[in-house]
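Here's the structure, in structure tokens; my notes come after.
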Number of protein chains: 2
Amino acid sequence: MTDSTPADPTEQEGRGARRRDAAVTRQAILDAAVAAFTRHGYDGVGVRDIARNAGVTAMLINRYFGSKERLFAEAVDVAFAPRTVISGTGADLPRATARALVTRTAPDAEELGPFLLLLRSAANPSAAAIMREAIARHAGRHLTEELSDGVSAELMLAVQAGVWLMRSVLGTTALAEGEPEELAGRIESLFQVLVTPDGPGSR
Amino acid sequence: MTDSTPADPTEQEGRGARRRDAAVTRQAILDAAVAAFTRHGYDGVGVRDIARNAGVTAMLINRYFGSKERLFAEAVDVAFAPRTVISGTGADLPRATARALVTRTAPDAEELGPFLLLLRSAANPSAAAIMREAIARHAGRHLTEELSDGVSAELMLAVQAGVWLMRSVLGTTALAEGEPEELAGRIESLFQVLVTPDGPGSR
DNA sequence: CGAAAAAGTCTACGACTGTAGACATGGGAG
DNA sequence: CTCCCATGTCTACAGTCGTAGACTTTTTCG
């Protein structure tokens, strides 16, 4: 659980404590929380780990966020809010999104992404409820208005989550070590089926 | 963590301890472990919970299985071994598998299934490694020889896992409350794309 | 400068975890 | 019937968890 990044000494002091600033500290905690929850899941990190990586004490988390669960809720919001879960628009959407998915799940990708957070915290029912709401609020709405159909939108999320699971979490051989180009093409075909209202159903 | 089923009094005694039998007791522990791990994930259950549901003491688990991790490994093997992760053969495979998936992820389905175990234990790296091996040993091999292509096989698993996540774990609105018939058809279309070697790539 | 308020730390508690070792008990073999 | 080993339980330990309350340190403002 020791995550290397110790305290972010980018402020100015070479060593010792940083200047006291509630907003900055709060943000540091939130950043550390997103990273930690994404890497180890809700139950996998303790507030002490997050606090250490933010350069503060565990109790400060409770002062600023009330509880670990409320911190998680904010972290989920951060993880799902800025980044889009789809790439491209219109006809280019399947291709762009498939490419982005393969790239972001590459073994050497350092950006972790919201799906990792989703998968690793899915076991905890409270965490699952929080994430469901966040998905409905951000990604789901965005996807639905682009795809005009809720089922298609959530199936697209499902495919992405599944690929992320196999490739990044489990590391199954075929998907993790396969040729990125081929894989992207296969996934693009899947997305293609989803964006077309309901074309050639069988074969 | 109190899972209702207290001790399985199906033996014969109305109350009190069951007849001492190593094989039966071991199996009772294993059954309880599969159920508990599937419901709450590797980190979500303690050995005391499993032991209580099996009607024994926590220490007996260590006597029979060595450790919680080794018990988990056996439980994963049980969960993935008997049931097939695909239904039907040949041309009927997409349709049958899609129908089975929708049925098994219905809100009132009481059989939990290996994907739930997979999703809820994915956060723990050791557990993930154990499950990856089990998948390669059972489902992956079976799927590959039916589909003749490793990438297709694992993409099929990915789609199933993703749908399971959205429907059963998160309970997102569109997939959880949608019409089963429509959903099955949409998923069938996805599988259809996977089983055809590589036909119409775009559109 | 001095005091109020904000920002952060320390100590501690009760509950829970996996598991090691010593102990009790039942059941089949002689 | 009696012995003995397999079967199962009890107690305990060293950790970790989230968080409550009292405390100290820094910043800001009059």
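All values below were derived from every heavy atom in this structure, side-chain atoms included, with hydrogens, water molecules and symmetry-related copies excluded. In what follows, chains are A, B, ... by sequence order, proteins preceding strands, each numbered from 1.
Put simply, CD1 on Ile29(B) is 15 Å from C1' on dG18(C), counting in whole angstrom units. Taking atom NE2 on His40(A) and atom C1' on dT16(D), their separation rounds to 16 Å, with Å as the unit. If you take CZ of Arg26(A) and P of dA6(C), they are 16 Å apart, rounded to a whole angstrom. As a whole-Å value, the separation of Met59(B) CE from dG18(C) C1' is 9 Å. Counting to the nearest Å, the P atom of dC17(D) and the CG atom of Leu71(A) are 15 Å from each other. As a whole-Å value, the separation of Asn62(A) CG from dC17(D) P is 14 Å. If you take CZ of Arg48(B) and P of dT9(D), they are 14 Å apart, rounded to a whole angstrom. Summarising the geometry, the separation between CD1 on Ile50(B) and C1' on dT17(C) is reported as 13 Å, rounded to the nearest angstrom.
Backbone-only engagement by Tyr64(A) is indicated by non-hydrogen atom pairs under 4.0 Å involving sugar-phosphate atoms exclusively. Contacts of Val47(A) with the nucleic acid, taken as non-hydrogen atoms under 4.0 Å apart, include base atoms.
Here Arg70(A) does not pair with Glu74(A) in a salt bridge; the nearest charged N to carboxylate O distance is not below 4.0 Å. Salt bridge annotation for Arg26(B)-Asp31(B): absent, with no cationic side-chain nitrogen under 4.0 angstrom from a carboxylate oxygen.
Comparing Leu60(A) and Arg20(B) by the nucleotide of DNA chain C whose heavy atom lies nearest to each, the residue mapping closer to the 5' end is Leu60(A). Residue Glu69(B) is the one, among Arg63(B) and Glu69(B), whose nearest nucleotide of DNA chain C lies closer to the 5' end (criterion: closest heavy atom).
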Starting from the C-alpha separation in whole Å, work towards a yes-or-no answer on side-chain contact (heavy atoms from CB on, under 4.5 Å) for Arg167(A) and Val102(A). CA-CA 9 Å; Arg167(A) 248 168 92 87; Val102(A) 172; 3.9 Å; yes
Determine, step by step, whether Val85(A) and Phe115(A) satisfy the side-chain contact (heavy atoms from CB on, under 4.5 Å) criterion, reporting the C-alpha distance in whole Å, the side-chain angles of both residues, the deciding distance to 0.1 Å, and the verdict. CA-CA 9 Å; Val85(A) 104; Phe115(A) 281 106; 3.3 Å; yes
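Distances shorter than 4.0 Å separate some side-chain N or O of Arg19(A) from OP1 or OP2 on dT27(D). The side chain of Thr25(B) places no N or O atom within less than 4.0 Å of a non-bridging phosphate oxygen (OP1 or OP2) of dT7(D).
Arg120(B) places a side-chain N or O within 3.5 Å of a backbone atom of Arg39(B) that can act as its donor or acceptor partner.
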